[in-house]
Structure formats: structure tokens, C-alpha cells
Amino acid sequence: MKVHTGGEKEDGTYEGGKVNYTGQFFFDDEIAQQIFTLEPYSQHSGSCTTLDNDMVYDGGGAASGLLTLKAVKTGNPARGYRGSLTLGIDPDAENTGAGSGGGGEGGTPPSGEPPADAPTDSASASASASASAS
């Protein structure tokens with residue numbers, strides 16, 4: 001996911017401005033397993049990385065990008081999921097995404113040390129993001 005500000009919509013595309021934030025969303029393991037039973041995901045032959053084994057997700061729940069997902073139609077995951085997460089974004093920050101694996105300003109490296117330019121908790125603007133998996 002990238003948050004862009006200061007650009008303009010032109011001919012159906014967003015141009016100009018800057019990227020303020022680059023990050024990732026994470027799904028709860030149980031919901032991910034339900035999604036992997038559905039087409040086209042059931043055709044995937046690789047393994048799924050659980051949250052406990054993910055090198056980017058730090059276990060911080062929504063504060064770390066874990067989406068709260070709800071089935072669009074209860075009891076029928078094939079109808080999709082709706083998720084939301086509210087983000088606080090510093091409109092003065094600029095993030096090129098260089099070297100990032102997600103998780104904010106490049107994520108927390110496997111060493112456990114946050115990057116030197118990691119954002120602070122004092123964000124001066126907020127954005128709302130929503131995602132849908134189907």
C-alpha cells in the first residue's frame with residue numbers, strides 16, 4: 001500500500017505529489033486459511049507464511065497493519081471479505097519505498113531495530129484505507 005498526497009487526478013490517473021507512506025496489510029491466519037480454500041487461491045501450490053513466521057509483521061495488531069476482516073456474507077467466504085484500517089499519516093513525510101518490505105517506512109528489519117527514519121506516533125493527518133479480498 002502507498003499513500004500519495006499533493007498530486008492531481010488527470011485522465012483517470014493520479015499524477016504528481018509525493019509518497020508519504022509505504023506499508024503492508026496483514027490478514028489473520030484463520031481468515032487467510034479460509035481464503036486459500038477458494039478459487040483462484042486454492043490453485044496455489046506454495047506455502048502460506050503465518051503471522052508468527054512473518055519477518056515484517058511485528059505482532060502489534062492493527063497498529064502494525066493487521067486488518068480487521070469481516071465476511072461480506074456470513075457463512076459464505078466465497079462472497080469476499082471487507083476490511084478497514086485507519087492510518088495516521090505525516091503529510092510532510094516522504095517515502096521512496098526504497099528497500100522496503102512494507103510496514104511503514106520500510107518495516108522493522110529482522111534485527112528488531114526500527115529504521116532510523118521510522119515515523120513517530122505523532123501524525124498530523126489521518127487517512128482511512130479499506131481493502132476487499134474476494
Inset, instruction - Supply the atom-to-atom distance Phe26 CZ to Leu51 CG, rounded to the nearest 0.5 angstrom. - result: 7.5 Å
Inset, instruction - Report yes if some heavy atom in the side chain of Leu67 is under 4.5 Å from a heavy atom in the side chain of Ile31; otherwise report no. - result: no
Legend entry - Reported CG-to-CG distance for the pair Asn95 and Asp90, which is rounded to 0.5 angstrom: 11.5 Å
Inset, instruction - Look at the side chain of Asp28 and the backbone N and O of Thr68, then say whether any donor-acceptor pair between them is shorter than 3.5 Å. - result: no
Legend entry - Sidechain-backbone polar pair: Asn20 side chain, Pro91 backbone, donor-acceptor under 3.5 Å: yes
Legend entry - pair Lys18-Thr5: side-chain heavy atoms closer than 4.5 Å: yes
Inset, instruction - Without swapping roles, check the side chain of Tyr14 against the backbone of Gly7 for a donor-acceptor pair under 3.5 Å. - result: yes
Legend entry - Considering all heavy atoms, the nearest Val72-Arg82 contact: CG2-N, 4.1 Å
Legend entry - Close side-chain approach of Ser42 and Thr37, heavy atoms under 4.5 Å: no
Legend entry - More than 12 heavy atoms from other groups under 6.0 Å of CD on Glu15: yes
Inset, instruction - Can you sort out the partners of Asn76 under side chain to side chain contact (heavy atoms under 4.5 Å, CB included), two or more places apart, ordered by chain and number? - result: Lys73, Ala78, Arg79
Legend entry - Side chains of Glu30 and Gln34, donor plus acceptor under 3.5 Å: no
Inset, instruction - With rounding to the nearest 0.5 Å, note down the distance linking CZ in Phe25 to OG in Ser64. - result: 13.0 Å
Legend entry - Heavy-atom check, side chain of Phe36 versus side chain of Cys48, under 4.5 Å: yes
Inset, instruction - Compare all side-chain heavy atoms of Met1 with those of Tyr21 and state whether any distance is below 4.5 angstrom. - result: yes
Inset, instruction - Please identify each residue that fulfils side chain to side chain contact (heavy atoms under 4.5 Å, CB included) with Lys9, with sequence neighbours left out. - result: none
Legend entry - Side-chain heavy-atom pair Ile35, Phe27 within 4.5 angstrom cut-off: yes
Legend entry - Pair listing, side chain to side chain donor-acceptor pair (under 3.5 Å) test, anchored in residues 45-55, at least two apart: Thr50-Asn53
Legend entry - Gln24 and Val56, any side-chain heavy atoms less than 4.5 Å apart: yes
